[in-house]
Amino acid sequence: MARIDGIKEQRREKLREMRGQGIDPYPHRYHRSHTNKEAIALFKRGDDSPVSLAGRIVACRAMGKATFIDLRDSSGKIQAYFRSDLLSDKHDLLKQCDVGDIIGVSGKVFRTHSGEITLKVADFTLLSKSLQPLPEKWHGLTDVEKRYRQRYLDLISNEEVGRIFAVRSRAIAAVRRFLDGRGFIEVETPVLHHAAGGALARPFTTHHHALDQDLYLRIATELYLKRLIIGGLDRVYEIGRIFRNEGISTKHNPEFTMMESYEAYADYNDVMAMVEEMVSYVAKRVLRKTKVSFGENTIDFAPPWRRITLQNAIKEGCDIDFLEHADDHSLRNAIRKQGLDVDESPSWAKLVDKLISNFVEPNLIQPTFVMDYPVELSPLAKRKPESERLVERFEAFAGGMEIANAFTELNDPIEQRERFREQDRLRALLGDEEAERVDEDFLVALEHGMPPTGGLGLGIDRLVMLLTDQHSIREVILFPQLRTK
RNA sequence: GGGCCGCUAGCUCAAUGGUAGAGCAACUGACUCUUAAUCAGUAGGUUGCAGGUUCGAAUCCUGUGCGGCUCACCA
């Protein structure tokens, strides 16, 4: 018999014994008067009224007629002290309890000789019997695969993991508070799309049986939020799950969380100012400071962030002026001179993108706005007035990652239609699954007139990575996507 | 998809071709201020999986599954 089967059998046996004694191992209710943290605070204020607490037994030190356990709830840990002379028959029940069980305890709080604030247990109740052993107490659970697949074990045995997700929650709350304070309203738009638009990415497809139509999981919220701008909701945002059927990496999960906002009568300069204020506001609210450690670097989110054009950022990284190499042939040769291997197929726009990911993104540790992108890379962004080739678009980078993408939105319906057509042409030509698709319904909306608008997409997961010094997106997503075993 | 690395008891890890081990957890016993409690004892293994080489494989080889890092892909 494997050891684990033995442990499980022992615990099931305890369960049977308890039931035989008329004890319900899974009672319906328990009234707790305080959290562990509140009970400790109460005692520190000099109040020793009786309290009732509840949580999971995470450690047990039994010494004959006295037993100490560590009891954890979401607020923290408290030690509980059991004495057989205070519990009489219930001390036998304690023997049937295991590390991992959930119990309720009541009594008065006191301080032990060694100084630890402790609950002296007058009564206790088993609230849920655990039939599986917990990971080892000292090293916790380190097996990464198991941590992701059984996140509850990760949360039970590694306290810092809970803190990461608390930061995540507070960061999202801070984003909402910031935008609400600026008069934005939060909206919810469809996840199931008839055309997956608003970004250049491969969608997940699904099928609706009653409609007998294929549908796509959204790759962005952009086109629906713009419809709302057209409808006169001048400041809207949505925080929601986005799905992209692409590779998985330390910076990519197939489903991730994005905040998109649209503001009428703003342009990308206004959005830039908003992003640096918002992110520093979030850092201050969540961490009480704008400087964060990220690996070996310290990142300071305090405005103003550095601003640089894409042209100069690429020049800085590899000494290529992408505007001087106006066709794919010329740009490809310039890249090859830099010693980077590129084959014949990539278009000019793809080559520019390659330059960004190789020579710009990894170098931008401090928050930086990279401005003015080629129109071919940005089918939904408005051209710069003085340039045929560039659009009013920026991406924000920090910690070597892209965290935001924004532009002055294209609101000319005729040009938008042409841009979609061009994307369609590329898709047919190159079999590019990621090209933007024509969305006729959206074009009709645009034809009704959209005010000049500044739009933004902010990667929430990556922002949380920066705030928590985590270098894999899986560490900030509770249940990251893994292959089934 | 390529490269590198990992997978051994519930957990954390040893064992480099020669008897699969330790700590924690579990079980039995002692112990009324412990806190990685302590002390004595007991039990627990399809070494991810499938083949192969060998007198002998956790260890070497081939294939494969899952994971990690990385490169590519991802206009």
Side-chain angles (χ1 to χ4, degrees), chain A residues 1-11 13-14 58-70 77-87 91 95 98-100 110-118 120 130-150 153-154 156-158 199-202 219 244-252 254 328 331 340-343 345-358 373-379 422-423 426-427 429-436 471-472 474 480 482-485:
Chain A
M1 182 165 61
R3 188 187 305 200
I4 183 63
D5 296 329
I7 294 173
K8 286 187 209 162
E9 191 37 53
Q10 284 158 2
R11 295 218 177 170
E13 180 55 31
K14 284 180 185 173
V58 293
C60 181
R61 297 172 291 281
M63 302 173 306
K65 296 192 174 74
T67 300
F68 291 87
I69 65 153
D70 292 338
K77 236 188 274 188
I78 191 167
Q79 180 171 257
Y81 174 44
F82 298 76
R83 289 171 57 122
S84 63
D85 55 351
L86 298 177
L87 286 164
H91 206 251
K95 279 188 193 153
D98 293 293
V99 170
F110 75 112
R111 200 182 282 273
T112 63
H113 295 163
S114 53
E116 177 152 356
I117 295 173
T118 299
K120 186 176 284 181
S130 152
L131 300 178
Q132 298 266 3
L134 288 181
E136 200 236 6
K137 63 187 170 190
W138 187 241
H139 299 91
L141 184 65
T142 64
D143 182 284
V144 179
E145 185 177 354
K146 185 154 274 196
R147 287 183 47 234
Y148 298 155
R149 286 190 197 276
Q150 293 176 274
L153 289 180
D154 193 26
I156 290 168
S157 40
N158 302 317
L200 309 170
R202 231 178 126 172
I219 57 173
R244 295 186 180 172
N245 201 343
E246 289 176 353
I248 295 177
S249 77
T250 49
K251 296 189 175 73
H252 301 85
D328 55 335
L331 188 56
L340 204 64
D341 191 33
V342 279
D343 60 33
S345 61
S347 62
W348 182 82
K350 279 204 177 187
L351 290 170
V352 173
D353 208 49
K354 198 176 177 73
L355 288 172
I356 297 171
S357 53
N358 277 285
Y373 281 63
V375 63
E376 292 89 335
L377 279 172
S378 321
E422 175 62 12
Q423 291 288 317
L426 283 178
R427 193 144 58 99
L429 197 70
L430 306 169
D432 189 344
E433 295 263 15
E434 303 207 339
E436 186 79 41
H471 298 255
S472 167
R474 295 178 204 105
L482 298 179
R483 201 184 284 271
T484 51
K485 266 198 149 169

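Excluded from the calculations below are hydrogen atoms, water molecules and symmetry mates; all remaining heavy atoms, backbone and side chain alike, are included.
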Can you see if the side chain of [X] gets near the phosphate of [N] - specifically, an N or O under 4.0 Å from OP1 or OP2?
X	N	value
A/Arg474	B/C69	yes
A/Thr142	B/U12	yes
A/Arg483	B/G67	yes
A/Arg61	B/U34	no
A/Thr67	B/U32	no
A/Lys137	B/G23	no
A/Lys14	B/C27	yes

I'd like the [atom1] distance from [M] over to [N], given in whole Å.
N	M	atom1	answer
B/A37	B/A30	C1'	14 Å
B/U70	B/G17	C1'	33 Å
B/A43	B/G21	C1'	15 Å
B/G1	B/U38	P	48 Å
B/A58	B/U16	C1'	10 Å
B/U47	B/C39	C1'	33 Å

Gap between atoms [atom1] and [atom2], on [X] and [N] respectively (whole Å):
X	N	atom1	atom2	answer
A/Arg147	B/C7	CZ	C1'	17 Å
A/Lys350	B/A72	NZ	P	14 Å
A/Lys8	B/C27	NZ	P	16 Å
A/Ile156	B/C11	CD1	P	14 Å
A/Arg111	B/U34	CZ	C1'	16 Å
A/Gln10	B/U42	CD	C1'	11 Å
A/Glu246	B/G1	CD	P	16 Å
A/Phe82	B/C33	CZ	C1'	15 Å

Which nucleotide in the list [options] gets nearest to the side chain of [X]?
X	options	value
A/Tyr148	B/G68, B/C27, B/C11	B/G68
A/Ile7	B/G10, B/C33, B/G67	B/G10
A/Met63	B/C33, B/G68, B/C27	B/C33
A/Ser84	B/U34, B/A72, B/U32	B/U32
A/Glu145	B/U34, B/G67, B/C27	B/G67
A/Leu141	B/U12, B/U32, B/C73	B/U12
A/Lys65	B/C33, B/A72, B/U32	B/U32

Look up atom CZ in A/Arg147 and atom CG in A/Leu153, then write down how far apart they are to the nearest 0.5 Å. 11.5 Å
Hey, which sits more toward the 5' end of RNA chain B by its nearest nucleotide, A/Lys120 or A/Pro135? A/Pro135
Relative to the 5' end of RNA chain B, which residue comes earlier, A/Lys95 or A/Glu136, by the nucleotide with the nearest heavy atom? A/Glu136
Do A/Arg474 and A/Ile248 have side chains that approach each other closer than 4.5 Å (heavy atoms only, starting at C-beta)? yes
With hydrogens left out and only the distance checked, is there a donor-acceptor pair under 3.5 Å joining A/Thr112's side chain and the base of B/U34? yes
Side-chain-base donor-acceptor pair under 3.5 Å for A/Glu116 and B/U34: no
For A/His139 and B/U12, do the ring centres fall under 5.5 Å apart while the planes stay under 30° apart? no
Base-pairing string, 5' to 3', of RNA chain B - Watson-Crick or wobble, under 3.5 Å, | interstrand: (((((((..((((....[..)))).(((((.......))))).....(((((..]....))))))))))))....
Could you label the plane-to-plane angle of the A/Phe68 and A/Tyr81 rings as parallel, tilted or perpendicular, counting under 30° as parallel and over 60° as perpendicular? parallel
